[in-house]
Protein chains: 2
Amino acid sequence: MDELKYSYKYPHPAMASDCVIFGFDGVSIRVLLIQRGVEPFKGKWALPGGFMNIDETAEECARRELEEETGLKNTVVEQFYTFSEVGRDPRERVVSVAHYALVRLSEVKGGDDASMARWFAQEEIPSLAFDHDHILRMAISRLKERICFEPIGFELLPEVFTMTELQNLYEAILGIKFDRRNFYNKMLKLGILSEAEPRPAQASRRVPLRYRFNAMKYAELKQKGFRLEF
Amino acid sequence: MDELKYSYKYPHPAMASDCVIFGFDGVSIRVLLIQRGVEPFKGKWALPGGFMNIDETAEECARRELEEETGLKNTVVEQFYTFSEVGRDPRERVVSVAHYALVRLSEVKGGDDASMARWFAQEEIPSLAFDHDHILRMAISRLKERICFEPIGFELLPEVFTMTELQNLYEAILGIKFDRRNFYNKMLKLGILSEAEPRPAQASRRVPLRYRFNAMKYAELKQKGFRLEF
DNA sequence: ATATTATGCGTAATATTTACGCAATAAGAT
DNA sequence: ATCTTATTGCGTAAATATTACGCATAATAT
């Protein structure tokens with residue numbers, strides 16, 4: 001029988017953190033899920049996450065659990081909502097602080113100790129454990145809002161990318177198609193892209209230019225208050 | 001000595017909800033604070049809030065505490081961030097889900113049982129108990145973001161208001177001055193205002209027209225996706 | 001060889017935003 | 001009572017931004 005060592009005058013809920021991890025495969029957005037190995041919901045897919053230690057913040061908990069369950073280290077996660085419905089966990093009262101993060105697919109190496117983790121394209125995502133369907137839905141809507149204010153999308157692309165890849169990413173997140181030439185004009189005028197390589201002497205019109213995100217220019221723009229609008 | 005009736009295998013933090021309540025006095029934004037009657041921080045001003053019961057959500061807790069401490073009933077609160085720094089409460093580990101709400105000043109009746117509560121203009125706000133300064137700063141920045149997407153400002157005004165009052169509200173929240181005529185044009189073109197009274201036969205050019213928020217028109221607009229931009 | 005497609009770059013048409021002008025009149029000053 | 005000032009409703013020209021395309025080129029597919 002369990003030893004119940006920690007006592008309080010009033011009942012306390014357990015605290016947890018969960019993570020919605022987004023990736024981009026070049027065409028569509030993917031979400032990193034883990035398969036539960038224990039009850040409850042054994043065998044079901046769920047968001048990475050787990051119980052908070054008493055000496056760590058919600059964010060630290062999210063990052064720790066993420067590394068333990070998927071191998072992702074030092075991921076920048078952003079809290080977006082706290083789920084506190086009374087019956088959301090069948091074991092006991094659990095309040096969960098939900099976070100999201102954007103990572104490059106290449107950062108998750110399959111095969112090793114994180115073999116329970118798998119990337120799912122949106123249309124493949126099965127029904128999830130706990131209230132994780134709900135958490136995921138909210139994360140997706142937050143992602144859409146955020147991409148209009150911060151160029152978070154660059155975290156999903158390789159360091160060097162083409163304009164078409166960038167457009168595909170925006171289209172995948174927002175679910176809208178843009179005119180290729182207008183997207184190109186708007187992005188270049190924003191000034192947050194730098195050409196990654198010197199242009200070839202013989203300018204080909206079929207091999208795309210490759211860009212990288214210019215964080216310095218972005219910082220300047222952000223100061224003035226701007227908007228990545230679509 | 002306290003009886004410690006609730007025991008767990010692992011330590012659990014206490015959960016709380018806090019509320020940042022915004023009002024508008026016609027010129028500037030105000031915040032509703034309560035003065036603490038007990039230690040810790042006895043005598044200091046703080047955000048309304050308190051510990052969560054084991055059978056209620058964070059939002060229910062926020063609304064209950066708000067009513068207990070300020071008399072405000074049935075307030076629509078919106079969660080915006082969860083604060084989980086380890087040392088934020090000197091008594092024990094407390095994780096707090098912060099909420100904000102917009103109410104009309106007239107809804108808080110002073111004098112009665114809620115006599116500890118008082119409205120502060122932004123420049124009057126003293127240093128607050130716990131990490132409530134931090135919570136308040138974040139609430140203000142969320143308020144600024146939200147007002148550009150949702151006409152939340154209307155909850156702060158009386159039901160019937162003039163264009164100048166509405167402009168004062170936007171200027172107070174965003175800290176920007178607008179051209180009166182452009183603000184007027186933009187608001188009218190949006191179509192979410194209705195004239196509150198028939199125009200007087202002899203149209204005066206000094207007595208302002210009075211409007212009310214047209215929730216139906218707003219709902220239509222929201223469907224299409226729009227933006228209250230400034 | 002030939003057709004097709006992706007790319008870089010440009011531009012006219014349209015819509016939106018910004019910066020003001022103006023007359024009427026209530027309120028305040030003299 | 002008279003004059004001055006401030007506020008309001010309503011326009012409108014200029015500046016700016018967005019949208020919808022055209023086009024030449026070169027890599028790729030047929």
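Order of the sequence lines fixes the chain letters, A, B, ..., with proteins taken first and strands second; residue numbering starts at 1 for each chain. Reckoned from all heavy atoms, side chains included, excluding hydrogens, waters and symmetry mates.
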Can you tell me if A/K217 and A/S194 form a side-chain donor-acceptor pair at under 3.5 Å?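 No, no side-chain donor-acceptor pair sits under 3.5 Å.
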Inspect the surroundings of CD in B/E159 and state if more than 12 heavy atoms from other residues, nucleotides or ligands are less than 6.0 Å away.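 At most 12 heavy atoms, drawn from other residues, nucleotides or ligands, come within 6.0 Å of this atom.
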Both B/D179 and B/R205 contact DNA chain C. Taking the nearest nucleotide for each, which residue is further toward the 5' end?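 Residue closer to the 5' terminus by nearest nucleotide: B/D179.
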Give a yes or no on whether a salt bridge exists between A/E195 and A/R210, defined as a side-chain N under 4.0 angstrom from a carboxylate O.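 So A/E195 does not pair with A/R210 through a salt bridge.
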Within 45° of the ring axis of B/F120 and under 6.0 Å from its six-membered ring centre, is that where the NZ or CZ of B/R118 lies?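 Cation-pi check for B/R118 and B/F120: passes.
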Atom-to-atom span, [atom1] of [X] to [atom2] of [N] - whole angstrom:
| X | N | atom1 | atom2 | result |
| --- | --- | --- | --- | --- |
| B/N185 | C/dA15 | CG | P | 18 Å |
| B/K189 | D/dG11 | NZ | P | 14 Å |
| A/Q167 | C/dT7 | CD | P | 9 Å |
| A/R206 | D/dT28 | CZ | C1' | 5 Å |
| B/M187 | D/dC10 | CE | C1' | 18 Å |
| B/Y184 | D/dT8 | OH | P | 11 Å |
| B/L209 | D/dC10 | CG | C1' | 11 Å |
| B/M163 | D/dG9 | CE | P | 7 Å |

Nucleotide nearest B/R181 when distance is taken to its side chain, options C/dG8, D/dT8, D/dC10: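 Shortest atom-to-atom distance from the side chain points to D/dC10.
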Kindly point out which of D/dT8, C/dA26, D/dC21 is positioned nearest to the side chain of B/T164?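 Selected nucleotide: D/dT8.
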State whether the distance check finds a donor on one side and an acceptor on the other, under 3.5 Å, for side chain B/R199 versus base D/dG9.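 Flag unset: no donor-acceptor pair detected.
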Does C/dT7 have its OP1 or OP2 closer than 4.0 Å to a side-chain nitrogen or oxygen of A/T162?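 Answer is no, no contact under 4.0 Å.
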